[in-house]
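Below is one structure, written out as structure tokens, with a few remarks after it.
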Amino acid sequence: MAKLHELCGSNAKSLKDFEEKTLATTLEDLATVAKSHGEHFRYLVERRPGGKSLVHVTRNPDAKLPLNPQICG
């Protein structure tokens, strides 16, 4: 999550703001657009202790994403 925040040049004040206001919306938009073009796109945000979240993205419909009860998306 922190690397995505850094790479995209977000103006979000915190990683939490970035995740909730920018990343979640963007990933949902990407999933919607991909679906409308017959493409596969899935993502999961894995919240880890200490606020170090991981983002898992796949365009492979057969790929297994991690299972975690704190995952959204």
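One is the number of the first residue; the rest follow in order along the sequence.
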(request) Sequence neighbours left out, what passes salt bridge (charged side-chain N to carboxylate O under 4.0 Å, His left out) with K3? Give chain and number order. (result)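 Once residues adjacent in sequence are excluded, the partners of K3 under the salt bridge (charged side-chain N to carboxylate O under 4.0 Å, His left out) criterion are E6.
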(request) Specify the closest pair of heavy atoms between M1 and V45, including all atoms of both residues, with the distance to one decimal. (result)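 In terms of heavy atoms, the two residues are closest at CE-CG1, 3.6 Å.
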(request) Mind listing the closest non-hydrogen atom pair of T22 and S10 along with its distance? (result) OG1-OG, 4.5 Å
Roughly how far apart are [X] [atom1] and [Y] [atom2], rounded to 0.5 Å?
X: T32; Y: H37; atom1: OG1; atom2: NE2; answer: 11.0 Å
X: R59; Y: E39; atom1: CZ; atom2: CD; answer: 5.5 Å
X: T58; Y: Y43; atom1: OG1; atom2: OH; answer: 14.0 Å
X: L54; Y: R47; atom1: CG; atom2: CZ; answer: 12.0 Å

(request) Could you pull out all residues at least two apart from K35 that satisfy side-chain contact (heavy atoms from CB on, under 4.5 Å)? (result) none
(message) Which residues pass the side-chain contact (heavy atoms from CB on, under 4.5 Å) test with S14, not counting sequence neighbours?
(response) K16, D17
(request) Under the ring pair (Phe, Tyr, Trp, His ring centres under 6.0 Å) rule, collect the residues that match up with F18, sequence neighbours excluded. (result)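 F18 satisfies ring pair (Phe, Tyr, Trp, His ring centres under 6.0 Å) with H5 only.
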(request) Measure the shortest side-chain to side-chain distance between L30 and V57 over non-hydrogen atoms and say whether it is less than 4.5 angstrom. (result) no
(message) Does N11, at its CG atom, have more than 12 non-hydrogen atoms belonging to other residues, nucleotides or ligands within less than 6.0 Å?
(response) no
